[in-house]
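Working notes, structure below.
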Amino acid sequence: MAFTIVGTGSALPKRKVTNDDLSEFLDTSDEWISTRTGIKTRYVCTDESLDDLAAEASEHALADAGIEVKDIDLIICSTTSGDHLMPAEACAIAERLGASCPAFDVSAACAGFVFALDTADGWFCRGRARRALVVSAEKMSRLLDWEDRSTCVLFGDGAAAAVVEAGGKSPIWSHLVTKPDVASLDVPGLQGTSPFGSTEDAQPSKLLMKGRKIFHFAVSSIEEELKALEGESGIALSDIDHFVFHQANERILDAVAKRCGIDPSKMAHTIQETGNISSACIPLALDRMSREGSLHAGELVLICGFGAGLDIGTTLIRWNKEQDA
Ligand code: COA
């Protein structure tokens, strides 16, 4: 089976937070954050809910595709930071849009968009859907320990969506991997108030990360995946037009460009502005590139998400959407 991305959309909170804003309440600096991560700003929700952002991104994607919500057969949302533990964020999106198709979430952290796209492709394969809305929506600000300078400076909030249709020329190559390791990047679940539970060893639901370990996992895993892609698909990295990697750290992108011989100008770079918005990074970059007119029909686009799990998902697609302009 195959799929085509026929529309994209995104939405960010209105509050832009600079590194200097963070240094007002944290022992950090623009110099440290910029040189260690490449991040200059990120957007953080104030009065917006994640439901608001996810619905807005979805509406933009539907409008871009020229498709009405009644023509969508499936809604998949990738998130680890939804407004509701139950129901799925996708159900809230369906309610906002007035959709009546099946809607559920996929939890694969920063690789979530790639895993959700693959799930949609599975529904197409089984003939269960012809059109899917794949949304990645993250309110990372609710998961952060705002006193931990080594993590809270890295992340931001936002949502992005893609309308995906059955048929076409993608994926050309796809690979999903999990290298199980919970402790390296973990947000412990809610403790609850069960009278039968034990509160010993209870940890707050705040993000804990072994930054260096994740850095090395990211660089080495991306290199492994790109080698596998070249070996199995017969397509050289030099023939790929755009590389849209998850935006976790500019230095990860630099290391990958160097190790794999990728021209950095072919790589999406949104991290400076948005920070790490987990699974929303990749569809947001695709939406930006599409709207700026830098993606052209027929071009090869590599998307690769990696993060907690430790999950990594890589897909090579052929962009098939003509520019409207
Ligand atoms: N401002 C100032 N100093 C900071 C700081 C901040 N925001 N955060 C950490 N530091 C300090 C540390 O306390 C440490 O000080 P010390 O040497 O006195 O102990 C020093 O900077 C170096 O810390 P370290 O953690 O070794 O830095 P690093 O070069 O590994 O960079 C990360 C840290 C988190 C930026 C980097 O490891 C990283 O990006 N990892 C990947 C994380 C990631 O991508 N996660 C999401 C995956 S989806």
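Remember, it's 1-based here, ligands and their atoms both numbered in the order they're listed.
Close contacts between ligand 1 and Gly307 involve ligand atoms 48 (S) [criterion: under 4.0 Å to a heavy atom]. Listed by number with element, the atoms of ligand 1 under 4.0 angstrom from any heavy atom of Phe306 are 48 (S). Near Asn276, with a cut-off below 4.0 Å to any heavy atom, the atoms of ligand 1 are 46 (C), 48 (S). Per-residue contacts place His246 under 4.0 angstrom from the following atoms of ligand 1 (heavy atoms of the residue considered): 48 (S). Listed by number with element, the atoms of ligand 1 under 4.0 Å from a non-hydrogen atom of Cys110 are 48 (S). Residue-ligand proximity, Thr37 to ligand 1, at heavy-atom distances under 4.0 Å covers atoms 35 (C). Shown in contact with Arg36 at under 4.0 Å from a heavy atom are these atoms of ligand 1, numbered in order with element: 22 (C), 27 (O), 28 (P), 29 (O).
Side-chain atoms of Asp186 do not come within 3.5 Å of backbone N or O of Ala183 as any donor-acceptor pair. The backbone N or O of Thr46 lies less than 3.5 Å from a partner atom in the side chain of Glu48, making a donor-acceptor pair. Under a 3.5 Å cut-off, the side chain of Glu223 and the backbone N or O of Ala218 do not form any donor-acceptor pair. The backbone N or O of Ala132 sits nowhere less than 3.5 Å from a side-chain atom of Asp73 that would complete a donor-acceptor pair. Side-chain atoms of Glu250 never come within 3.5 Å of backbone atoms of Gly38 as a donor-acceptor pair (strictly under, hydrogens ignored). Using modelled atom types, one side-chain atom of Thr79 and one backbone atom of Ala137 make a donor-acceptor pair closer than 3.5 Å. Checking side-chain atoms of Arg131 against main-chain N and O of Ala166 turns up no donor-acceptor pair under 3.5 Å.
Looking at ligand 1, you'll find an N or O of Asn249 within less than 3.5 Å of one of its N or O atoms. Residue Arg212 has at least one nitrogen or oxygen atom sitting less than 3.5 Å from a nitrogen or oxygen atom of ligand 1, judged on distance alone. Ligand 1 has an N or O atom lying under 3.5 Å from an N or O atom of Gly211, backbone or side chain.
Interatomic distance, Glu89 CD to Phe104 CZ, rounded to the nearest 0.5 Å: 14.5 Å. Separation of atoms CD (Glu138) and OG (Ser136) is listed at 7.0 Å; rounding is to 0.5 Å.
For the pair Gly156 and Ile277, the tightest heavy-atom approach, listed with the atom from each and the gap, is O-CG2, 2.9 Å.
Put simply, atom 45 (N) of ligand 1 has protein non-hydrogen atoms near it, under 4.0 Å away. Atom 35 (C) of ligand 1 is flagged as protein-proximal [any protein heavy atom, distance under 4.0 Å]. In this structure, atom 18 (O) of ligand 1 has no protein heavy-atom contact shorter than 4.0 Å. Inside a 4.0 Å radius of atom 25 (O) of ligand 1 there is not any protein heavy atom. When distances from atom 40 (N) of ligand 1 to the protein are checked, a heavy atom turns up under 4.0 Å. Within a 4.0 Å radius of atom 14 (C) of ligand 1, the protein contributes no non-hydrogen atoms.
When non-hydrogen atoms are compared, ligand 1 lies under 4.0 Å from the backbone of Thr28 as well as from its side chain. Both the backbone and the side chain of Ser150 come within 4.0 Å of ligand 1, counting heavy atoms alone. Residue Leu26 does not touch ligand 1, judged by heavy-atom distances below 4.0 Å.
Scanning the protein heavy atoms around atom 11 (C) of ligand 1, the nearest turns out to be Arg149 NH2, 3.6 Å. The protein heavy atom nearest to atom 9 (C) of ligand 1 is Trp32 CZ2, 3.4 Å. Nearest to atom 31 (O) of ligand 1 among the protein's heavy atoms is Arg251 NH2, 3.7 Å.
Just one residue in the list Thr314, Ile282, Leu316 forms a side-chain contact (heavy atoms from CB on, under 4.5 Å) with Ile303, and that residue is Ile282.
Annotation: side chain of Glu31 is in contact with side chain of Thr35 (closest heavy-atom distance under 4.5 Å).
The residue from Leu185, Ile214, Asp30 that puts a heavy atom closest to atom 43 (C) of ligand 1 is Ile214.
Hydrophobic clustering, with ILVMFWY side chains joined whenever heavy atoms are under 4.5 angstrom apart, keeps Leu62 apart from Val164.
A side-chain donor-acceptor contact under 3.5 Å links Ser184 and Asp181.
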